[in-house]
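A quick write-up on the structure given underneath.
None of these values were measured; they are calculated from a predicted model. Chain letters run A, B, ... following the sequence lines, proteins first, then strands; residues in each count from 1.
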Protein chains: 2
Amino acid sequence: MRMSELSTTTGVPVPTLKYYLREGLLHGGERTSPNQARYDSSHVARVRLIRALIDVGDLPVARAAEVLAAMERPELELSHIFGIAQRSVTERPGADLPTTPTEESREPSRGERRIAELCARRGWRVHGDNPGLAMATRVLDAYEALDQPHLIAALDDYAEAAERIAAADLATVAAAGERTRGDRAAMANVVVIGTVLGDTLAAGLRRIAQEVESYRLFPDGGTETRRADRQDPSC
Amino acid sequence: MRMSELSTTTGVPVPTLKYYLREGLLHGGERTSPNQARYDSSHVARVRLIRALIDVGDLPVARAAEVLAAMERPELELSHIFGIAQRSVTERPGADLPTTPTEESREPSRGERRIAELCARRGWRVHGDNPGLAMATRVLDAYEALDQPHLIAALDDYAEAAERIAAADLATVAAAGERTRGDRAAMANVVVIGTVLGDTLAAGLRRIAQEVESYRLFPDGGTETRRADRQDPSC
DNA sequence: GCGATATAGATAGTTACGCTATCCATCATG
DNA sequence: CATGATGGATAGCGTAACTATCTATATCGC
């Protein structure tokens with residue numbers, strides 16, 4: 001398969017494929033001469049994975065490259081790949097979070113304390129470098145800064161839901177392990193795809209459930225709920 | 001309060017404040033002369049809200065502007081603001097989703113059917129324009145395209161979790177309504193903040209719970225789990 | 001064999017976004 | 001009344017993700 005065919009079967013333009021090659025997201029084809037190469041189904045699968053991570057999972061290209069690179073290093077443990085995938089969906093480009101000054105002394109913010117309490121309540125033991133800790137802490141601190149401390153009331157429900165999702169995620173990985181008899185590459189695939197796309201899936205279902213719940217709680221909905229000019233409920 | 005003071009109390013540089021003024025995120029101060037203005041606590045609160053939406057909620061500036069504009073239109077119902085907030089966190093800049101060609105005839109993808117089945121199973125009734133529908137559908141279709149159909153096994157657990165989170169979200173809004181005796185502006189605040197930052201909170205807690213669950217399911221963790229050089233579990 | 005087309009690789013250009021920087025004509029203030 | 005800040009307008013910058021162009025081969029159809 002030549003590059004143009006790879007392009008047509010995946011729907012990704014040739015210049016973009018070249019760009020992915022340059023950036024190391026896509027492995028080069030098998031050389032047939034100094035300036036010709038042949039691509040195969042592994043390239044098709046890879047391109048599809050790249051687009052899924054970028055388009056559906058909304059990863060920046062550079063993050064996707066890191067995740068893909070990690071997937072291909074057989075010496076890395078799954079737990080490590082998990083961590084890299086988590087970081088890839090967490091660290092946004094313009095983060096620049098005000099790096100804890102000296103990392104050591106610094107009294108914890110209220111959000112930090114609340115998260116620590118939450119972990120204690122639920123018996124969660126987590127490493128301090130879990131990207132979710134900083135993420136959740138920032139939200140709780142923002143709730144306070146915005147003078148909306150009552151929003152914290154939902155924290156335990158969120159935690160319960162997170163636990164349920166995580167259990168499903170890990171069960172999926174375990175099932176993949178059994179199905180493939182522990183094939184590391186296959187499991188790494190499940191870890192990466194499940195972690196990255198799972199975020200999007202959870203967010204999407206939350207939007208749906210919010211609408212449903214809003215009907216349940218406010219059945220009247222006024223004269224019109226959402227856009228009145230649209231078609232009827234589809235589900 | 002002059003602009004420089006607004007800048008120091010919020011930590012946002014003056015040129016950036018001017019930029020937010022230009023873009024309509026921030027309302028102008030009270031004029032004291034043709035080229036002087038005075039800012040007050042409403043501006044401080046607004047700037048904090050802007051930064052929370054952008055930094056913590058990861059909204060693009062333009063989306064934040066839309067949400068803020070909607071919040072200030074008293075004739076808009078809460079349900080409408082809800083929808084706008086949902087869209088703001090959903091529609092990413094480079095989306096360019098291949099707009100359903102003519103919107104009418106087009107057999108549904110497998111993902112679409114699975115989501116419809118899910119809604120039927122759970123008794124969810126949703127409008128077809130709910131942004132979560134497209135989001136979830138894209139993920140399910142990606143699972144298929146990536147040859148990982150078994151990931152769909154987690155769908156019902158995700159849905160259960162989403163329901164729980166949505167119930168907490170709406171309960172928070174209802175509580176705010178009671179506390180403020182139905183003050184629309186206050187409720188709109190809760191809706192926007194809860195919807196936008198709630199996404200981040202849910203994602204963060206998911207990362208934490210994933211790590212916890214991974215210890216539970218794979219207690220050995222090999223010789224090292226996550227980065228061995230980091231400090232001990234913090235929670 | 002040969003001309004049209006395709007290809008790998010390098011380099012440069014493009015667009016969008018989120019600021020930053022510079023000007024300038026007031027304005028406020030010691 | 002000199003000094004420095006302010007509002008407003010305009011221009012510039014850095015990053016990200018492509019996209020376009022160019023060049024020297026390769027390949028394919030005939």
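From Gln86(B), atom CD reaches atom CD1 of Ile208(A) across 9.5 Å, with rounding to the nearest 0.5 Å. The distance from the NE2 atom of His127(A) to the CG atom of Asn130(A) is 10.0 Å, given to the nearest 0.5 Å. For the atom pair Arg114(B) CZ and Leu155(B) CG, the distance stands at 8.5 Å (nearest 0.5 Å).
Counting only residues at least two apart or in different chains, ring pair (Phe, Tyr, Trp, His ring centres under 6.0 Å) contacts with residues 21-51 of chain B comprise His27(B)-His43(B), Tyr39(B)-His43(B).
In this structure, the CD atom of Glu5(B) is 14 Å from the C1' atom of dT6(D), given to the nearest Å. Residue Tyr19(A) contributes atom OH, which lies 16 Å from atom C1' of dG9(C) at whole-angstrom precision. In this structure, NZ of Lys18(B) is placed 11 Å from C1' of dC24(C), rounded to the nearest angstrom. Atom CG of Leu59(A) is separated from atom P of dC18(D) by 12 Å (rounded to the nearest Å).
Of all heavy-atom pairs spanning Leu197(B) and Gly57(B), the tightest one is CD2-N, 3.7 Å. Closest approach of Pro149(B) and Asp147(B) over heavy atoms only: CD-C, 3.2 Å. Looking at every heavy atom in both residues, Gln148(A) comes nearest to Ile193(B) through CG-CD1, 3.7 Å.
Non-hydrogen atoms lying under 4.0 Å from DNA chain C are contributed by Arg22(A), all within residues 20-30 of chain A. Across residues 36-51 of chain A, Gln36(A), Ala37(A), Tyr39(A) each have a non-hydrogen atom less than 4.0 Å from an atom of DNA chain C (numbered order).
Look at Arg63(B) and Glu66(B) and you find a salt bridge, because one of the NZ, NE, NH1 or NH2 atoms lies within 4.0 Å of a carboxylate O, short of that distance. A salt bridge is defined here as a Lys NZ or Arg NE, NH1 or NH2 lying under 4.0 Å from an Asp or Glu carboxylate O, and Arg207(A) with Asp169(B) fails to meet this definition.
A sub-4.0 Å separation between OP1 or OP2 of dA6(C) and a side-chain N or O of Arg2(A) is absent. Using a 4.0 Å cut-off, no side-chain N or O of Ser4(A) falls inside it from OP1 or OP2 of dT5(C). At least one side-chain nitrogen or oxygen of Asn35(B) sits closer than 4.0 Å to the OP1 or OP2 atom of dC27(C). OP1 or OP2 of dT19(D) has at least one side-chain nitrogen or oxygen of Thr16(A) nearer than 4.0 Å. Taking only side-chain nitrogens and oxygens, Arg31(A) comes nearer than 4.0 Å to OP1 or OP2 of dG9(C).
Checking dC18(D), dA8(C), dT27(D) against every side-chain atom of Ile54(A), the shortest atom distance belongs to dC18(D).
Place Ser33(A) and Val61(A) on DNA chain D by their nearest nucleotides, and Val61(A) ends up nearer the 5' end. Heavy-atom nearest nucleotides on DNA chain C were determined for Met3(A) and for Thr32(B), and the one closer to the 5' end corresponds to Met3(A).
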